[in-house]
Amino acid sequence: MDVSWILDNLNEPQRQAVTAPLGPLRVLAGAGSGKTRVLTRRVAWLLAVENASPWSILAVTFTNKAAAEMRGRVEAMLEQPLGGLWIGTFHGIAHRLLRQHWQDSGLPRAFQILDSDDQNRLVKRVLRELGLDEKKWPPPAAAAFINHCKDEMQRPADVVDDGKPARRQNQRIYAAYQRECDRVGLVDFGELLLRAYELWRDRPELLAHYRERFQHVLVDEFQDTNTVQYQWIRLLSGGQGDVFIVGDDDQCVYGWRGSKVENIQRFSTDFPGAQTLRLEQNYRSTGVILQAANALIAHNARRLGKNLWTDAGDGDPVRIYAAFNEVDEARFVAERIRQWTENGGQRQETAILYRSNAQSRLFEETLLGMGLPYRIYGGLRFFERAEIKDALAYLRLVANRDDDPSFERAVNTPPRGIGARTLDLLRDAARADSSSLWQAAMRLINNHGLGGRAAHAVRRFLDLIEMLDASTRERPLPERVSAVITHSGLRAMYEEDQADKGEMRVENLDELINVTVRFIAHIDPVIIGAEPTPMDWLNAFLAHAALESGERQAGAGEDCVQLMTLHMAKGLEFALVFLVGWEEGLFPHSRSAADERQLEEERRLAYVGLTRARQHVYLCHAEQRRWYGRESPQSPSRFVREVPETLTQDVRARAKSRTQTLTAAPPTAAAPGGLQPRQRVRHAKFGEGVVLAVEGEGYHSRARIDFPAAGGPKWLVVAYAKLEPV
DNA sequence: TTACGCTTAAACTTG
DNA sequence: TTAAGCGTAA
């Protein structure tokens with residue numbers, strides 16, 4: 001058979017990976033080494049050469065985006081739909097299993113998925129019920145504890161009591177929270193994975209069935225797996241079988257979310273006979289950028305080891321810009337982007353990558369001021385918007401009256417006179433006979449346990465939900481959603497909202513109806529089952545809303561400068577990249593500095609940043625930065641130093657002043673601004689110092705000054721620095 | 001029940 | 001600096 005189409009344009013290691021004999025295989029795929037290509041070709045290889053049935057293949061990714069891309073590429077390559085082939089996220093596949101085996105999983109047929117917002121709300125309520133002070137036990141911390149336990153496959157009973165009161169208390173909270181979820185049929189994200197694991201672990205006949213079926217398992221971004229994901233894959237494959245994993249231990253940057261970089265490292269011991277292949281040829285960046293990235297990541301101790309190379313030539317040095325302060329940094333970056341576009345470069349080929357979102361503001365302002373269109377990634381996603389969550393809360397009450405998080409959200413949105421006082425009464429009543437808020441509300445009304453006014457308001461709310469359900473029960477999903485948006489009063493509330501966002505929110509509510517139409521057209525038959533009732537459609541849609549919260553909000557269209565965090569940039573590439581705020585405390589973040597493991601993760605993030613660039617990369621740091629409203633001296637990140645000097649070039653004077661430096665007098669002569677080398681000066685923050693050198697003229701004339709008290713020499717822009725002669 | 005001023009704290013974010 | 005959460009006042 002002619003299989004050349006599968007092997008076209010593959011280099012030797014890629015070809016080895018695609019054609020590898022069946023069995024456990026670990027592919028260490030460096031940044032830009034053709035990882036997705038290898039994964040999709042491997043699927044084609046299994047189908048075309050190994051004669052695998054689509055039914056026997058399971059491909060797992062982390063994000064919906066990656067899953068969609070993989071499905072699209074494989075379908076395009078094979079020019080046929082993929083039938084029984086399962087491609088999806090860990091959560092999506094776990095969800096599918098639980099829907100199919102809800103009884104064996106101990107779940108109600110119409111179980112609902114809690115997103116992290118709902119989870120926080122529920123945790124809050126549990127804390128209140130346990131009589132715990134929210135100041136002392138912040139709900140997000142308790143939720144984090146619960147999620148961490150589930151990542152680590154620990155049920156409340158498995159939490160080891162180390163005698164510490166905090167842990168004991170968290171364990172109690174976890175147990176109470178889980179009782180609540182189980183009572184009402186709510187499943188959080190961690191629960192999806194853990195239940196799916198337990199389903200197979202506790203039902204040998206089911207496990208045998210899926211082992212028989214999924215002869216071929218492929219996992220993308222394996223370095224990001226957490227414990228339960230890892231053990232789930234291990235359980236399915238029985239530690240052998242055809243398991244094809246792809247990942248890069250140097251790009252594991254989600255440790256704080258449960259990812260265990262050890263998983264990709266221990267694969268070879270847990271899967272006996274596993275082979276390892278390395279994809280090290282990079283098709284993205286210049287030689288200098290790769291050498292810089294290699295040198296930086298070499299400072300990490302716990303690595304499998306890998307060296308990226310290219311035959312594309314060295315390219316430009318890594319440019320380092322020491323800005324005076326954050327304003328200067330932003331101005332420099334914007335100015336360079338302007339030059340890039342003047343030389344014919346596209347704005348969308350440029351990216352400003354920062355460690356934390358708070359850094360974006362100044363870049364935004366500066367780009368706006370210069371009239372450069374930009375796009376910020378990191379806003380809310382469609383299903384996370386307040387108005388959408390409002391509408392979903394009503395829908396969820398329609399689906400399940402006992403859904404307390406939704407009850408709390410919907411009950412006074414729009415305001416209908418049911419305030420904190422009344423809600424407290426409902427909560428107390430619900431806790432007293434461990435029922436849902438809905439049931440408590442009904443009882444209180446019947447027992448006249450509420451004041452006349454409150455009772456009337458609550459009754460109207462209950463009637464509203466019942467009406468929404470009854471009147472649309474047999475109608476198609478889009479009509480039900482439309483009815484909820486209108487009769488709940490949400491549409492009217494946002495229409496009356498004179499504030500800037502009201503109009504957009506109404507548009508979003510309308511878009512929600514369109515989303516349901518598209519959802520129905522693309523439904524996964526396994527999820528919806530045969531002969532679905534309208535209620536099945538509603539439940540499936542609600543699960544969809546929780547699992548696929550949509551693209552992150554982004555600004556204007558057209559050709560834009562791209563602004564995002566380093567985390568969001570993973571997987572993307574740009575011709576020109578600015579890595580900004582490379583200062584100790586900011587990057588690496590001060591919270592990571594003390595711990596070696598976390599520091600290594602920060603370094604991997606730096607590695608991710610560098611390897612985003614195809615042609616040009618700038619490392620920027622400021623000598624001084626206004627941060628949290630305080631002005632503070634900053635020192636360059638250790639990561640700047642970890643890039644060998646032979647690969648870097650300091651950017652000093654502006655392009656404009658380059659001609660000036662050519663004609664400028666030697667630095668021993670009197671310098672502009674009245675500063676001269678060896679002169680002693682005083683700076684408000686850095687104390688006394690000695691001028692080492694001066695360059696440039698006018699607004700951007702800069703001086704290198706040694707401040708012994710502030711940790712050594714710094715470049716300062718004379719116009720900003722307010723230096724006093726001593 | 002809502003509105004305003006005070007206190008506090010501040011990474012990264014998939015499903 | 002800013003945004004969110006909370007207690008007190010209207």
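Chain letters run A, B, ... following the sequence lines, proteins first, then strands; residues in each count from 1.
Relative ring orientation between A/Tyr254 and A/His567 is described as tilted, the plane-to-plane angle lying within the 30° to 60° band. Between A/His544 and A/Phe519, the two ring planes are tilted [angle within 30° to 60°].
Note on A/Glu152 versus A/Lys260: salt bridge recorded, some NZ/NE/NH1/NH2 to OD/OE distance being below 4.0 Å. Between A/Glu198 and A/Arg195 there is no salt bridge, since no side-chain nitrogen of the basic residue lies less than 4.0 Å from a carboxylate oxygen of the acidic one. Looking at A/Glu191 and A/Arg155, a side-chain N of the basic residue comes within less than 4.0 Å of a carboxylate O on the acidic one, giving a salt bridge. In this structure, A/Lys570 pairs ionically with A/Asp224, as a charged nitrogen and a carboxylate oxygen lie closer than 4.0 Å. Remark: A/Lys35 engages A/Asp220 in a salt bridge, criterion side-chain N to carboxylate O under 4.0 Å.
The salt bridge (charged side-chain N to carboxylate O under 4.0 Å, His left out) with A/Glu262 is formed by just one residue from the set A/Arg597, A/Arg302, A/Arg303; it is A/Arg597. A salt bridge (charged side-chain N to carboxylate O under 4.0 Å, His left out) with A/Arg409 holds for exactly one of A/Asp118, A/Asp390, A/Asp115; it is A/Asp390.
Contact annotation for A/Ala420: backbone-only contact, meaning every heavy-atom pair under 4.0 Å involves sugar-phosphate atoms and none involves a base. In this structure, A/Glu631 reaches neither bases nor backbone, as no heavy-atom distance under 4.0 Å exists between it and the strands shown.
The stretch residues 622-630 of chain A touches DNA chain C through A/Arg626, A/Tyr628, A/Gly629, each having a heavy atom under 4.0 angstrom from the strand. Annotation: proximity of residues 588-596 of chain A to DNA chain B (heavy atom, distance under 4.0 Å) is found for A/His589, A/Arg591, A/Ser592, numbered in ascending order.
Without hydrogens or angle criteria, A/Gln624 side chain to A/Glu631 main chain gives no donor-acceptor distance under 3.5 Å.
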Grab the N/O contacts between the protein and nucleotides 12-15 of chain B below 3.5 Å, and write none if there aren't any.
residue : atom : partner  : partner atom : Å
B/dC12  : OP1  : A/Asn357 : N            : 2.7
B/dC12  : OP1  : A/Asn357 : ND2          : 3.2
B/dC12  : O4'  : A/Arg355 : NH1          : 3.0
B/dC12  : O2   : A/Trp256 : NE1          : 3.1
B/dC12  : O2   : A/Arg355 : NH2          : 3.3
B/dT13  : OP1  : A/Thr565 : OG1          : 2.9
B/dT13  : OP2  : A/Asn357 : ND2          : 3.2
B/dT14  : OP2  : A/Arg552 : NH2          : 2.4
B/dT14  : N3   : A/Arg257 : NE           : 3.4
B/dG15  : OP1  : A/Asn64  : N            : 2.4
B/dG15  : OP2  : A/Arg381 : NH1          : 3.3

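Checked by distance alone, A/Gln359 brings no side-chain donor or acceptor within 3.5 Å of a matching partner on the base of B/dA11.
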(request) If a protein heavy atom is under 4.0 Å from the base, mark B; if only from the sugar-phosphate, S; if neither, -; do that for nucleotides 5-10 of chain C going 5' to 3'. (result) ------
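Atom-to-atom, CD1 of A/Ile418 to C1' of B/dT2 comes out at 16 Å; the value is rounded to the nearest Å.
In this structure, the salt bridge (charged side-chain N to carboxylate O under 4.0 Å, His left out) partners of A/Arg518, at least two apart in sequence or on a different chain, are A/Glu511. In this view, A/Arg234 and A/Tyr230, A/Gln231, A/Arg266, A/Asp270, A/Phe271 satisfy the side chain to side chain contact (heavy atoms under 4.5 Å, CB included) rule, not counting sequence neighbours.
Contact annotation: the side chain of A/Thr61 never approaches that of A/Glu69 to less than 4.5 Å [non-hydrogen atoms, C-beta and beyond].
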